[in-house]
Amino acid sequence: MERLLGDFLAYMELERGLSRNTLDAYRSDLLQFTAFLRRRRLSATEATHGDLAAFLTELADAPAPVAAATIGRKVACLRSFYRHLRREGVIEHDPTAELHGPSKSQRLPRVLSRDEVARLLNEPKGGEPRALRDRALLEIMYACGLRASEAIGLDLSDVNLQEGVVCARGKGSKERLVPIGRQAVAALEAYCQRGRPALLDGRVESRLFLNRRGSGLSRQGLYKIVQGHARSAGLAEKMSPHTLRHTFATHLLAGGCDLRSLQEMLGHADLSTTQIYTHLSAERLKDAYFSAHPRATR
């Protein structure tokens, strides 16, 4: 199994271009599946559709049930794994051919109002290096709809302030260009001129956003920055780094942006992923209607 797992993950990384986070998740999923098979005294090549279904049922019926979205990811992982084994001639029949994960409820993401965004972006105050960094970080995440990993992965060369564009590297290292608004450009200029050199303190570092030691900002560091300013703005219950991405998409769509352009800016491979924001906009319209129309009742 160790050899099969290594071959599969190498294929997914080199041929399919999966991100490091996805590869780590797939490795964890397959190791969990291997432990399940070991209890049944089976190898991965001997497992049947019934064995895989039993694995998913065990996850769903555990004392602490696994979320439907997580089970869905594990199903996708198992399908990819067994398709790879069949393609390589290791197995003749794919036991995942009829395997289905739980149906996912369409849960709408939380977004901020325009006033709440303004409160958050105004929270980093002063001209200290870290305040300039935090303001630039929050501005560019909202201005470009960046994922947390994309924001901390930005190099200085990825941002063209003269042209007003940023080159973001999304899942599978796919690159896309996203415009940057005037206020985000101003915040980035202030950070690059006065904040970043002070954090570097003579060091050499290609990453755009730095921690207080002059190294690239980590995911945990970004999360602490976002949560800290969200608490100060009274938005802690509504905020995560991804909230700014959802808010970016919702505000663009509400402002008249077409779905295909939004898909490009978000870096979604499939338009259906972007379409959740059309539902979200409809919900916001309904809320506005029922709160404002004198004869409207739910």
Side-chain angles (χ1 to χ4, degrees), residues 109-168 178-252 254-255 265-266 284:
R110 288 184 174 182
V111 298
L112 303 180
S113 68
R114 292 174 185 272
D115 287 343
E116 287 171 334
V117 169
R119 275 163 49 197
L120 178 69
L121 298 184
N122 289 331
E123 194 54 43
K125 295 177 174 62
E128 294 298 316
R130 281 188 278 178
L132 294 173
R133 176 202 62 193
D134 294 358
R135 192 176 303 121
L137 178 62
L138 293 173
E139 285 278 5
I140 199 171
M141 289 182 72
Y142 173 61
C144 302
L146 299 182
R147 301 177 177 95
S149 58
E150 293 168 351
I152 62 174
L154 286 175
D155 284 343
L156 192 60
S157 59
D158 291 328
V159 180
N160 187 328
L161 296 179
Q162 288 186 326
E163 295 293 330
V165 292
V166 60
C167 177
V178 188
I180 318 173
R182 186 174 65 254
Q183 288 177 294
V185 167
L188 283 164
E189 285 177 339
Y191 166 62
C192 289
Q193 291 169 8
R194 303 196 305 276
R196 192 172 182 275
L199 292 172
L200 274 175
D201 193 24
R203 300 179 187 86
V204 176
E205 172 59 58
S206 64
R207 290 295 169 90
L208 174 62
F209 291 110
L210 309 175
N211 60 27
R212 58 186 175 83
R213 295 181 299 276
S215 302
L217 192 66
S218 67
R219 182 185 290 268
Q220 292 81 3
L222 180 144
Y223 184 84
K224 287 180 180 178
I225 290 169
V226 172
Q227 280 294 313
H229 292 301
R231 273 195 305 273
S232 299
L235 301 170
E237 297 301 316
K238 302 185 69 172
M239 278 296 298
S240 75
H242 220 61
T243 304
L244 286 172
R245 179 171 163 86
H246 293 317
T247 303
F248 159 86
T250 305
H251 288 182
L252 272 184
M265 285 185 275
L266 289 171
R284 291 171 70 85

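- Closest approach of P124 and A131 over heavy atoms only: CB-O, 3.7 Å.
- With P129 as the fixed residue, the side-chain contact (heavy atoms from CB on, under 4.5 Å) test singles out one of D134, L199, L200: L199.
- Closest approach of A136 to A187, counting heavy atoms only: CB-O, 3.7 Å.
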Fill in: Derivation and outcome, side chain to side chain contact (heavy atoms under 4.5 Å, CB included), residues L146 and R245
CA-CA 6 Å; L146 299 182; R245 179 171 163 86; over 6 Å; no
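- Taking CG of D201 as the start and CG of L210 as the end, the distance is 11.5 Å to the nearest 0.5 Å.
- Under the 4.5 Å side-chain criterion, counting only non-hydrogen atoms from C-beta, L217 is not in contact with R207.
- Using a 4.5 Å heavy-atom threshold, the side chains of M141 and L222 count as touching.
- In this structure the side chain of L244 never reaches within 4.5 angstrom of the side chain of F248, judged on heavy atoms.
- The shortest side-chain heavy-atom distance between E189 and V185 falls under the 4.5 Å cut-off.
- When atom types are taken as modelled, the side chain of N160 and the backbone of E163 share a donor-acceptor pair closer than 3.5 angstrom.
- Of the listed residues (M239, K125, E123), just one forms a side-chain contact (heavy atoms from CB on, under 4.5 Å) with H229, and that residue is E123.
- Taking CG from N122 and OG from S232, the interatomic distance works out to 12.5 Å, rounded to the nearest 0.5 Å.
- With hydrogens and angles ignored, the 3.5 Å screen pairs a side-chain donor or acceptor of R203 with a backbone N or O of R213.
- The shortest distance between side-chain heavy atoms of V111 and T243 does not fall below 4.5 Å.
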Discussion item. Run V159 and L188 through side chain to side chain contact (heavy atoms under 4.5 Å, CB included) and show every step you take.
Written reply: CA-CA 9 Å; V159 180; L188 283 164; 4.2 Å; yes
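- The ring-ring contact (aromatic ring centres under 6.0 Å, His included) analysis of residues 117-158, with sequence neighbours excluded, yields the pairs Y142-H251.
- To the nearest 0.5 Å, atoms OG (S240) and CD (Q227) are separated by 7.5 Å.
- For S215 (side chain) and N211 (main-chain N/O), no donor-acceptor pair under 3.5 Å exists by modelled atom type.
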Worksheet item: Run the side chain to side chain contact (heavy atoms under 4.5 Å, CB included) check on H242 and R147 step by step: do they pass?
Response: CA-CA 6 Å; H242 220 61; R147 301 177 177 95; 4.2 Å; yes
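- Here the side chains of C192 and L156 are in contact, with some heavy-atom distance below 4.5 Å.
- The distance from the CG atom of L120 to the CZ atom of R231 is 12.0 Å, given to the nearest 0.5 Å.
- R133 places no side-chain N or O within donor-acceptor distance of the main-chain N or O of E128, the cut-off being under 3.5 Å.
- No more than 12 heavy-atom neighbours from other residues, nucleotides or ligands sit within 6.0 angstrom of CZ on R130.
- Note that the SG atom of C144 and the CE atom of M265 stand 10.0 Å from one another [nearest 0.5 Å].
- We find the CG-CD1 distance between L161 and I180 to be 6.0 Å, quoted to the nearest 0.5 Å.
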Worksheet item: Going through the distances and angles, do Y191 and R135 end up as a side chain to side chain contact (heavy atoms under 4.5 Å, CB included)?
Response: CA-CA 8 Å; Y191 166 62; R135 192 176 303 121; over 6 Å; no
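- Between the side chain of T247 and the backbone N or O of L112 there is at least one donor-acceptor pair closer than 3.5 Å.
- Residues L137 and I225 form a side-chain contact, since some pair of their non-hydrogen atoms from C-beta on lies under 4.5 Å apart.
- Within the 4.5 Å cutoff, the side chain of L138 has heavy atoms near those of the V226 side chain.
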